[in-house]
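Taking it in order: structure first as structure tokens, then the write-up.
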Amino acid sequence: MDKTIWILLVAMTVLLWASTSLLYKKGAEDVKEKFICLKYSVCIGVVFFVIALAYLIIRNEPFTIWESALRFWPVTLFGIIYPILNTVSFKGYIYNEATVESPVEGIAGGTSTVLLIIVYLALGRVDSISKLLTPVRTTGILVILICVILLSTVRNKEAKQSGKYENKKWMRLGLGTLIFPVIFAIADAMETIVTGVCLDKKYGYAMLEGDSIIIIGMEYAIFALGFWIYIFAKEKKAYNPFTKKSAPRLLGAITDNVAICLYSYAMALNSVSTDPILAVYPVFVMIGGRIFMKEKVSAPQYVFLTGIIAGSVLVVLDTAL
């Protein structure tokens with residue numbers, strides 16, 4: 001039963017995060033808009049606050065925020081770092097197509113899982129790495145990782161050959177394609193390690209999923225309020241996230257944060273296999289980008305997308321059996 005629920009949670013997270021990437025890209029159409037990254041985080045902060053407040057209202061047990069914040073201090077620390085890294089990473093949606101941004105971000109899927117297992121070993125939560133990294137699962141993770149890297153490399157090469165970055169040397173060197181999604185990947189890897197160690201009921205410390213969402217959500221909301229005040233001070237007018245122009249960002253924030261909630265429950269059930277499977281969401285971003293945003297996908301990219309799917313299937317089958 002738990003495996004079925006886990007698969008459903010991961011599947012829903014994949015679809016929601018694919019939608020998020022497309023919506024975030026849509027929200028970055030005006031590349032000359034000032035403070036666009038801060039405005040993205042304001043939208044996320046609003047949604048995060050509503051979700052955290054909803055958890056406070058509907059939860060049955062009393063909320064032990066100070067006890068949870070101190071006992072599970074990695075979550076609290078991550079809640080401070082995450083808004084900063086996430087805000088900077090939004091710059092990637094200005095310079096990259098969604099079909100570039102998502103695959104490079106997906107690098108975190110395989111690497112963060114390996115790091116998580118190393119952390120489990122260091123904490124003495126497992127006796128042997130073989131209990132977590134079975135041959136089939138290891139093969140799947142490696143295939144995902146290799147294909148995501150090759151996919152991003154090919155896509156970046158094609159973008160440079162097109163002359164798109166002719167007047168920007170740092171973009172021609174590949175920094176534009178890599179640096180911002182890699183920043184996101186770092187944040188994602190940190191999230192995997194922190195949530196895995198604190199939430200996992202089998203190998204971790206069984207923190208309540210709601211506590212982590214409330215703590216991180218409230219911290220992000222505080223940062224978002226600070227960003228909103230900064231924008232107001234600079235532009236001399238209040239930023240309204242509920243306008244038609246900001247609608248894709250706000251909708252993206254909703255799909256993103258709902259996915260984070262589902263992700264937290266999936267991590268609590270199986271922290272080792274969740275992130276590798278989530279690496280499949282760039283496939284749906286590629287398909288959506290081609291259909292809805294008219295982004296082109298070359299034959300080599302399709303080859304590596306197939307590799308990502310194959311690696312994900314290996315991990316799913318090894319987890320479900």
Any idea which heavy atoms bring [X] and [Y] closest together, and the distance?
| X | Y | answer |
| --- | --- | --- |
| M293 | K25 | CE-CG, 3.5 Å |
| P83 | S41 | O-OG, 4.3 Å |
| A259 | L16 | CB-CB, 3.8 Å |
| M218 | L53 | CE-N, 4.4 Å |
| I231 | K39 | CD1-CG, 3.7 Å |
| T87 | F227 | OG1-CE1, 3.4 Å |

Would you find a donor on one side and an acceptor on the other, under 3.5 Å apart, between the side chain of [X] and the backbone of [Y]?
| X | Y | answer |
| --- | --- | --- |
| W228 | Y239 | yes |
| R249 | C43 | no |
| S246 | T243 | no |
| E295 | A98 | yes |

Report yes if some heavy atom in the side chain of [X] is under 4.5 Å from a heavy atom in the side chain of [Y]; otherwise report no.
| X | Y | result |
| --- | --- | --- |
| Y230 | F35 | yes |
| L77 | I81 | yes |
| K91 | I94 | yes |
| E33 | K245 | yes |
| I44 | Y220 | yes |

In terms of hydrophobic clustering (I, L, V, M, F, W, Y; side-chain heavy atoms under 4.5 Å; direct or indirect links), are [X] and [Y] co-clustered?
| X | Y | result |
| --- | --- | --- |
| V42 | V47 | no |
| F242 | I51 | yes |
| M12 | I260 | yes |
| I36 | L22 | yes |
| I216 | I84 | no |

Query raised in the report: So I5 and K3, side chain to side chain contact (heavy atoms under 4.5 Å, CB included) or not? Walk me through it.
Result: CA-CA 5 Å; I5 294 174; K3 289 181 179 179; over 6 Å; no
Separation of [Y] [atom2] from [X] [atom1] (nearest 0.5 Å):
| X | Y | atom1 | atom2 | value |
| --- | --- | --- | --- | --- |
| I222 | L225 | CD1 | CG | 8.5 Å |
| I254 | L250 | CD1 | CG | 4.5 Å |
| L262 | L15 | CG | CG | 10.5 Å |
| K26 | S19 | NZ | OG | 15.0 Å |

Report task. Apply ring-ring contact (aromatic ring centres under 6.0 Å, His included) to the pair W17 and Y263, showing each step before the final yes or no. Result -> CA-CA 10 Å; W17 269 338; Y263 170 81; 5.5 Å; yes
Query raised in the report: Between Y281 and T20, is any side-chain donor less than 3.5 angstrom from a side-chain acceptor?
Result: no
Query raised in the report: Which of parallel (below 30°), tilted (30 to 60°) and perpendicular (above 60°) describes Y93 and Y24?
Result: perpendicular
Report task. Report the relative orientation of the aromatic rings in F48 and Y82; use parallel for angles under 30°, tilted for 30 to 60°, perpendicular for over 60°. Result -> perpendicular
Query - Validation row, ring centre Y265 to ring centre W6 under 6.0 Å - result: no
